Novice: 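Handing you a structure now.
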Amino acid sequence: TTVCPGFVQTSMTPMESATPFIMPVEKAAGRIASIIARRRGGVVCFPLPMTLLMSLIARLPDAIVARLIGAGPDKGPRAGADRTMKEPGQ
């Protein structure tokens with residue numbers, strides 16, 4: 001089973017960054033333990049609003065996501081990913 005819990009409030013969670021739908025560690029741990037106890041395979045994501053938000057963001061064009069998160073076209077997480085390497089001297 002793969003568990004994708006979204007944001008969990010711990011001492012490692014950076015509070016200065018956006019953490020939508022953050023949940024307390026006790027609640028997340030209880031949900032994870034319950035999911036594992038069911039002994040089913042697959043992927044389980046929670047909370048539902050975070051799952052829906054990430055599903056929507058994954059379907060948006062990179063340029064729109066970059067504008068939403070405040071990154072320019074060359075500052076996003078996939079900046080330069082589609083550029084080809086050129087040989088020196090070209």
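Quick caveat, the model's predicted, so the values are computed rather than measured. Excluded from the calculations below are hydrogen atoms, water molecules and symmetry mates; all remaining heavy atoms, backbone and side chain alike, are included.
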Novice: Before giving the answer on side-chain contact (heavy atoms from CB on, under 4.5 Å), spell out for Ile32 and Val44 the whole-Å C-alpha distance, their side-chain angles and the decisive distance to 0.1 Å.
Specialist: CA-CA 9 Å; Ile32 292 169; Val44 179; over 6 Å; no

Novice: Under the 4.5 Å side-chain heavy-atom rule for ILVMFWY, direct or indirect, which residues accompany Val43?
Specialist: none

Novice: Residues sharing Met12's hydrophobic cluster, by side-chain heavy-atom contacts under 4.5 Å among ILVMFWY, directly or via others?
Specialist: none

Novice: For residues 19-31, pull every pair meeting side chain to side chain donor-acceptor pair (under 3.5 Å), keeping only residues two or more places apart or in separate chains.
Specialist: none

Novice: Test: side chain to side chain donor-acceptor pair (under 3.5 Å). Region: residues 40-50. Which pairs qualify, not counting sequence neighbours?
Specialist: none

Novice: Counting only pairs under 3.5 Å, give me each side-chain donor-acceptor contact of residues 2-9, with atom names and distances, residues two or more places apart or in other chains.
Specialist:
none

Novice: For residues 49-58, which side-chain donor-acceptor pairs fall under 3.5 Å, sequence neighbours excluded?
Specialist:
from: Thr51; atom 1: OG1; to: Pro47; atom 2: O; distance (Å): 3.2
from: Ser55; atom 1: OG; to: Arg59; atom 2: NH1; distance (Å): 2.6

Novice: Would you give the length of the straight line joining atom CD1 of Ile36 to atom OG1 of Thr1, rounded to the nearest 0.5 angstrom?
Specialist: 7.0 Å

